[in-house]
There are 2 protein chains.
Amino acid sequence: MAGDGTIGKACDVLDQVAAFERPVRFAELLDNSDFPKATLYRFLQSLTNQGMLSYDPDRQTYTPGMRLVRLAHAAWTQSSLAPIARPFLDALSRETGETVHLAQLDSSQVLYVDKRNAAKPVEMFSQAGKVGPAYCTGVGKAMMAYLDDDALNKAVSQQSYHRFTDKTLTSEQALRADLIRIRQRGYAIDDEEHEPGIICIACPILTSGGRLLGAISVTGSTNRMDFNQLEAWVPRVRRVADQIGTEAQAWRFPDTRQNVSNDRMQAT
Amino acid sequence: MAGDGTIGKACDVLDQVAAFERPVRFAELLDNSDFPKATLYRFLQSLTNQGMLSYDPDRQTYTPGMRLVRLAHAAWTQSSLAPIARPFLDALSRETGETVHLAQLDSSQVLYVDKRNAAKPVEMFSQAGKVGPAYCTGVGKAMMAYLDDDALNKAVSQQSYHRFTDKTLTSEQALRADLIRIRQRGYAIDDEEHEPGIICIACPILTSGGRLLGAISVTGSTNRMDFNQLEAWVPRVRRVADQIGTEAQAWRFPDTRQNVSNDRMQAT
DNA sequence: AACTAAGTTCCAATATATGGAACATGATGG
DNA sequence: CCATCATGTTCCATATATTGGAACTTAGTT
């Protein structure tokens, strides 16, 4: 996928380091890398200088750097649905008393951008920024169901179809069939496909033009509830999703003095 | 500042985009950039391809991209003190009932990596990843006071010394004097230097070798408390800071023994 | 002390980034 | 309706930065 010259390669290295999920040594990276020793070495140096990586001289290990956190703050604030969706998530979480997720699609994976946890107060970034599979989560399927053909084909082909539970959809065919049902229903269901005992309903967040922005879900556990109880929330979740979609569309105006001539539905 | 070839330049561009704090157009970036048009253009394209930036074709604007959020999750988990400090922050927040901040130093600025809010539930990433001035905040001064000479000189010279309140220290001289007192006391005080009505005490987080890792603070408002009340928490805060420092030092062991069969990964 | 593995530096070859200028596109206004 | 201007996009010869093999240094082991 990479092919953007030095920038693409540098991003690859960042991903590599991040993928280890622990401090990683030069030699380990070298093994998992196509780059020759000297090249990788210089990349790591530059990235470390820039604060994109951080280096522990004692242990000679690299980890993703704090500059990423600073940049991500800006990304989260500006490019994600989270700031817009926050009050809605709060409300939905309060009303349902269940865990609520807000997710977006990022290179065919689910990227969680915000969360309200049923029990605990909140868990910060430890949740936001997390990625998960698309083919076996409510938010993932809700989003894929509303992709255009090109994006859909790409997304569907990039899933790993790993069997997490005996209910996981493990083929492109099964997934596509489910996506059709989702579009008919207007919402997605995760019936213990990712984790045993965990069920969830999810609605896509769309612009008025039908462009996919993200998804929102309410999760429950089979201990405490069944699908009938969970599905009772669907109308509420869908309304929230619509509100977020509408606001997102309006909010995306980059200041720009008077409104641009290109206002098709700018009423409000 | 930049000097790491293409990587450094690309990072500059990322910072540029992030600095706008709103969707920004090509021409705006070009004005604020040393790069020639074509060069900047290609940088933006590559970064957008890589998901480090996101581009809105309708409005022709760039914002920091979601890939940063993914990477930052890894950075926050691995490189920040937050995962280690979390239980301590929880405890401190519960005991004091006040706002608690955990910060690290990043290019002479305060980078907040976690927070517990007094009243409100929590504000997510809107705080983690946020940056602030070092010379007029408790955590900032607590950290600067424990830098080695080189780093200190650099940090002190890079402050903006903007007057936020009439108590703000607005000269290098005044700051250096305060840093000496801080080292004597072992903790820093912010006496409405950043925001009127907001006072705070902060302790540095150090390794046993004295290397600076970060700082932790308890904040109060002059409405509800005075410095005597706030300073009563200092011993507790310092103990927490020490515990975090000790754990951080121990935790940084990357395991790295042979056992974990690395050669074979990628289950999915 | 000899050996091995990991990390670092060097430098000529060459692939890559560069940026001036020409080319689109589309908005603005006369 | 065409002219004009602002903005964004592409081209291409040139210069420069990246490249990677190999030599070197350092640290750890037998």
Side-chain angles (χ1 to χ4, degrees), chain A residues 1-14 16-17 20 22-50 52-63 253-264 266, chain B residues 1-14 16-17 20 22-50 52-63 253-263:
Chain A
M1 237 337 94
D4 296 286
T6 306
I7 290 180
K9 293 173 200 165
C11 291
D12 277 359
V13 173
L14 286 178
Q16 283 262 345
V17 174
F20 271 87
R22 63 175 172 81
V24 60
R25 299 186 135 207
F26 177 73
E28 299 180 283
L29 287 167
L30 188 58
D31 290 342
N32 284 279
S33 170
D34 297 331
F35 302 114
K37 215 199 240 191
T39 302
L40 180 64
Y41 181 73
R42 266 179 283 104
F43 271 122
L44 291 173
Q45 278 214 147
S46 294
L47 288 169
T48 303
N49 279 337
Q50 293 296 321
M52 304 295 278
L53 292 177
S54 97
Y55 179 68
D56 181 339
D58 296 335
R59 323 223 166 282
Q60 297 187 130
T61 54
Y62 297 89
T63 46
F253 287 100
D255 151 62
T256 347
R257 1 110 239 149
Q258 323 84 347
N259 45 17
V260 203
S261 63
N262 178 18
D263 45 9
R264 23 179 76 204
Q266 225 243 333
Chain B
M1 189 69 181
D4 296 287
T6 306
I7 289 180
K9 293 172 201 166
C11 290
D12 276 359
V13 173
L14 286 178
Q16 283 262 346
V17 174
F20 271 88
R22 62 174 172 81
V24 59
R25 303 184 70 151
F26 176 73
E28 297 180 284
L29 287 167
L30 188 58
D31 290 342
N32 284 277
S33 170
D34 297 331
F35 301 115
K37 215 199 241 191
T39 303
L40 180 63
Y41 181 73
R42 265 179 284 105
F43 272 122
L44 291 173
Q45 277 213 148
S46 294
L47 288 168
T48 303
N49 278 337
Q50 293 296 321
M52 304 295 276
L53 292 178
S54 95
Y55 179 68
D56 181 338
D58 296 335
R59 324 229 164 278
Q60 297 188 129
T61 55
Y62 296 89
T63 46
F253 286 103
D255 164 53
T256 353
R257 285 293 181 265
Q258 60 283 36
N259 48 27
V260 187
S261 57
N262 258 344
D263 29 344

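Labels below follow one simple rule: chain letters A, B, ... track the order of the sequence lines, proteins then strands, and each chain is numbered from 1.
With rounding to whole Å, B:Arg59 atom CZ is found 18 Å from D:dT7 atom P. Rounded to whole angstrom, the span from the CG atom of B:Leu40 across to the P atom of D:dT10 amounts to 14 Å.
A donor-acceptor pair is defined here as one N or O able to donate and one able to accept, closer than 3.5 Å; no such pair exists between the side chain of B:Gln60 and the backbone of B:Phe26. Side chain of A:Ser46 to backbone of A:Arg42: a donor-acceptor contact under 3.5 angstrom is found.
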Got a list of protein N/O to nucleotides 27-30 of chain D N/O distances below 3.5 Å?
none

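For the atom pair CG of B:Leu47 and CD1 of A:Ile7, the computed distance is 4.0 Å after rounding to the nearest 0.5 Å. The structure places OH of B:Tyr62 at 6.5 Å from CD of B:Gln45, a figure rounded to the nearest 0.5 Å.
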Side chain to side chain contact (heavy atoms under 4.5 Å, CB included) evaluation trace for A:Tyr55 with A:Thr63: CA-CA 7 Å; A:Tyr55 179 68; A:Thr63 46; over 6 Å; no
Go through the steps to decide whether A:Asn49 and B:Asp4 satisfy the test side chain to side chain contact (heavy atoms under 4.5 Å, CB included), and finish with yes or no. CA-CA 8 Å; A:Asn49 279 337; B:Asp4 296 287; 2.8 Å; yes
Using a 4.0 Å heavy-atom cut-off, write out nucleotides 3-20 of chain C from 5' to 3' as B (base contacted by protein), S (sugar-phosphate only) or - (no contact). ----BBBB------SBBB
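Comparing the axis of the opening five pairs of the helix from C:dA1-D:dT30 to C:dG30-D:dC1 with that of the closing five pairs yields an angle of 30°, rounded to 10°.
B:Leu40 is not listed as a side-chain neighbour of B:Lys9, based on a closest heavy-atom distance of 4.5 Å or more.
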